[in-house]
Amino acid sequence: MANLCILGGGFIGRFYAESLIGRRSKDEVKVVYSRSEETVARFAKDYNVPLSFTDMEKAVAHPDSAIVIIALPNYLHEEAVMLCVKYKRPVLCTKPLGRNAEEAFRMMDACEKAGVFSGYLEDLCYTPKFQKSLKSVQEGAIGRVLWAKSRETHPGPHADWFWDLEAAGGGAIVDLGCHCIEISRNFIGKDIRPVEVMCWADTQVKPIDAEDHAIGLVKYENGAIGQFEVSWTFRGGMDLRDEVMGTEGTIWVNSWLRTGFEMFTSGEGKGYVAEKAESDSGWQFPVGDEAHELGYPNMFIDMFDAIEKGIQPQETFYDGYVVNAIIDAAYKSAKTKLWEPVDLKVWRGKTGVTKPSVFQEYDADHWLIKTEKLPNGNQVTIVKNKQSGEVKEIMGS
């Protein structure tokens, strides 16, 4: 059993509490911190938390804060992590780890030097659909991954600080792109180095200084491409989708808007539908168990089991740092309109990886391009001569 401290009593803190209570049946939220007296009092009442603070250091230092979970705005992550280092508390931090790679590196480095367990709470890498699709990829079901695409779009976040460029560290890219980038890293292989980024970003709708819409490409050393699509301007709720293309197959994952649960309502009930739902009338797409579908229970099971076993969790502060470095390159590219290198002070994966050849021989003299059955029943095979480069088709029946 672990006694837990949650720093942050707002939207994400409540999601974490919902996921923690009764899931492993041996962990208890004992301490909660919020900057607001009203928020912390309501949180403590709703989740039966015995100790509440509006002083962050007192919350972290309390003896019942055996593990600290950070559910705070981006600009408070570093302060909270450094307090956990000071008091030697295992720390789990929500995404993104930092507002930029420099912040993320300082947090990672401080925890590692102090021997403090640190886990990166990237929930979308723990959803049931993602976990199953990742296992299929790792078992070779779709061959070598060539392209991994992840999309997260919705009408915009719920709290004021997200919309403040300095407080958040950016807009839709740092808020949503961190999810998408780490999803693609998992599919491509977290030991494959991200090399450079090309990104378009713009402020299309919202009266803010940060971007509200962006599309980016991340090139990896083995030739694979990761793609992210993020928006705070999408209308119709929250859209979470992943696609993975390999040499032997394809995976499509729709995690939110099409879950198999559809409902029409006049709006008479005026109840909560789902995260980022824009309306409570008309056709609705509720989610049976939001916390589960967003990966929170699986994420905390992985984190707590890793602490108990003395091993690394699936998502670490190092992963958060790499994601922040990719995001930094994306922001630079959005300004320069060029491919920008990913600057990593520390790389812990493979080095010198080259793009492997997957050419298939048709015969000793030709490469096979494709074989296809035509509507008339004939079979066409297209080949390329290895020496001359000539491409021709061979008809069969």
Does CG in D343 sit with more than 12 non-hydrogen atoms of other residues, nucleotides or ligands closer than 6.0 Å? no

Checking one residue: F53. Which other hydrophobic residues are in its cluster under the side-chain 4.5 Å linking rule? V31, L51

Counting only heavy atoms not in Q204, do more than 12 sit closer than 6.0 Å to its CD atom? yes

Show your reasoning for whether side chain to side chain contact (heavy atoms under 4.5 Å, CB included) applies to L240 and N254. CA-CA 6 Å; L240 303 176; N254 191 328; 6.0 Å; no

Could you walk me through whether E102 and K345 pass the salt bridge (Lys or Arg N to Asp or Glu O under 4.0 Å) test, one step at a time? CA-CA 10 Å; E102 285 295 327; K345 291 182 179 180; 3.3 Å; yes

Do the side chain of R35 and the main chain of T54 share a donor and acceptor less than 3.5 angstrom apart? no

The criterion is side-chain hydrogen bond (donor to acceptor under 3.5 Å, both in side chains); which residues satisfy it with R42, sequence neighbours excluded? none

Distance, nearest 0.5 Å, that separates NZ of K392 from CD1 of I382: 12.5 Å

Those residues that, when tested against E372, pass side-chain contact (heavy atoms from CB on, under 4.5 Å) (two or more places apart): K370, V380

Verify, without hydrogens or angle tests, whether D209 (side chain) and L165 (backbone) share a donor-acceptor contact under 3.5 angstrom. no

Pair E78, R99 - check salt bridge (Lys or Arg N to Asp or Glu O under 4.0 Å), show working. CA-CA 9 Å; E78 186 171 12; R99 288 176 291 180; 5.8 Å; no

Under 3.5 Å side-chain donor-acceptor pair for Q227 and W147: yes

With ring centroids as reference points, do F187 and F130 lie under 6.0 angstrom apart? yes

Is the shortest side-chain N to carboxylate O distance from R348 to E112 below 4.0 Å? yes

Side-chain polar contacts of residues 167-179 - donor-acceptor pairs under 3.5 angstrom, sequence neighbours left out - could you list them?
{"residue": "D175", "atom": "OD1", "partner": "K95", "partner atom": "NZ", "Å": "2.8"}
{"residue": "D175", "atom": "OD2", "partner": "W232", "partner atom": "NE1", "Å": "3.0"}
{"residue": "H179", "atom": "ND1", "partner": "E122", "partner atom": "OE1", "Å": "3.2"}
{"residue": "H179", "atom": "ND1", "partner": "E122", "partner atom": "OE2", "Å": "2.5"}

To check you understand the geometry: which heavy-atom pair defines the closest contact between C199 and A330, and what is its length? CB-O, 3.4 Å

Can you tell me if W200 has over 12 outside heavy atoms packed within less than 6.0 Å of its CH2? yes

Distance from L121 atom CG to M299 atom CE, nearest 0.5 Å? 4.5 Å

As an exercise, state the distance from CD of Q131 to NZ of K129, rounded to the nearest 0.5 Å. 14.0 Å

Atom CG of residue position N48 - does it have more than 12 heavy atoms of other residues, nucleotides or ligands inside 6.0 Å? no

We want to know whether D212 and T203 form a side-chain donor-acceptor pair, criterion being a heavy-atom distance below 3.5 angstrom. no

Verify, without hydrogens or angle tests, whether S136 (side chain) and K132 (backbone) share a donor-acceptor contact under 3.5 angstrom. yes

Donor-acceptor side-chain pairing of S34 and S36 below 3.5 angstrom: no

Between the side chains of E243 and R151, is the shortest nitrogen-to-carboxylate-oxygen separation below 4.0 Å, so that they form an ion pair? no

Can a donor-acceptor pair be found, under 3.5 Å and without considering hydrogens, that links the side chain of S333 to the backbone of L338? yes

Side chain to side chain contact (heavy atoms under 4.5 Å, CB included) between W163 and K206: does it pass, once the steps are laid out? CA-CA 9 Å; W163 305 91; K206 310 295 185 182; 3.6 Å; yes

Decide yes or no on salt bridge (Lys or Arg N to Asp or Glu O under 4.0 Å) for R241 and D239, but give the supporting numbers first. CA-CA 6 Å; R241 280 182 279 166; D239 186 15; 2.6 Å; yes

Does any N or O in the side chain of N186 come within less than 3.5 Å of the main-chain N or O of E182, such that one atom is a donor and the other an acceptor? yes

Please set out all donor-acceptor pairs under 3.5 angstrom arising from side-chain atoms of residues 80-88, sequence neighbours excluded.
{"residue": "K86", "atom": "NZ", "partner": "E57", "partner atom": "OE2", "Å": "2.7"}
{"residue": "Y87", "atom": "OH", "partner": "E57", "partner atom": "OE2", "Å": "2.6"}
{"residue": "K88", "atom": "NZ", "partner": "A114", "partner atom": "O", "Å": "3.3"}

Check: Y47 ring centroid to F43 ring centroid under 6.0 Å: yes

If two hydrophobic side chains count as joined below 4.5 Å and joins carry through other members, does V253 share a cluster with I225? no

Find the distance between OH (Y331) and CD1 (I326) and round it off to the nearest 0.5 Å. 13.5 Å

Centre-to-centre under 6.0 Å for Y16 and F300, is that the case here? yes

H77 side chain vs L72 backbone, donor-acceptor pair below 3.5 Å: yes

Assess whether atom CD of E361 is packed by more than 12 heavy atoms of other residues, nucleotides or ligands within 6.0 Å. yes

If only atom types and distance count, is the side chain of N222 paired as donor or acceptor with the main-chain N or O of K355 below 3.5 Å? no

To the nearest 0.5 Å, how far apart are CH2 in W256 and CD in E152? 10.0 Å

Are V346 and V342 grouped together when hydrophobic residues (ILVMFWY) are joined by side-chain heavy atoms under 4.5 angstrom apart? yes

Would you mind checking if K384 and E390 are paired as a salt bridge, meaning a charged N to carboxylate O distance below 4.0 Å? no

For residues 309-338, which residue pairs pass the salt bridge (charged side-chain N to carboxylate O under 4.0 Å, His left out) check, not counting sequence neighbours? R185-D319, K190-E315, K190-D319, K332-E340

Measuring from M245:CE to T250:OG1, what's the distance to the nearest 0.5 Å? 7.0 Å

Mind running side chain to side chain contact (heavy atoms under 4.5 Å, CB included) on L20 and F304 for me, showing each step along the way? CA-CA 11 Å; L20 291 163; F304 297 148; 3.4 Å; yes

When you measure from the centre of the six-membered ring of W339, is the NZ or CZ of K219 closer than 6.0 Å and no more than 45° off the axis? yes

Can you check whether S231's main-chain N or O pairs, donor with acceptor, with T153's side chain at less than 3.5 Å? no

Mind running side chain to side chain contact (heavy atoms under 4.5 Å, CB included) on T381 and Y362 for me, showing each step along the way? CA-CA 9 Å; T381 300; Y362 175 74; 3.8 Å; yes

Is there a path of hydrophobic side-chain contacts, each under 4.5 Å between heavy atoms, that joins I188 and L146? no

Mind running ring-ring contact (aromatic ring centres under 6.0 Å, His included) on Y120 and F317 for me, showing each step along the way? CA-CA 5 Å; Y120 181 48; F317 270 24; 7.4 Å; no

Mind checking whether M108 and I307 sit in one hydrophobic cluster, side chains of I, L, V, M, F, W, Y counted as touching below 4.5 Å? yes

So for atom CG, which belongs to D191, do other residues, nucleotides or ligands contribute more than 12 heavy atoms lying within a distance under 6.0 Å? yes

Consider only side-chain heavy atoms of I, L, V, M, F, W and Y, link residues closer than 4.5 Å, and tell whether F359 and I394 are in one cluster. no

Does the S52 side chain pair with the main chain of A41, one donor and one acceptor, at a distance under 3.5 Å? no

Where does the angle between the aromatic ring planes of F11 and F15 fall among parallel (under 30°), tilted (30 to 60°) and perpendicular (over 60°)? perpendicular

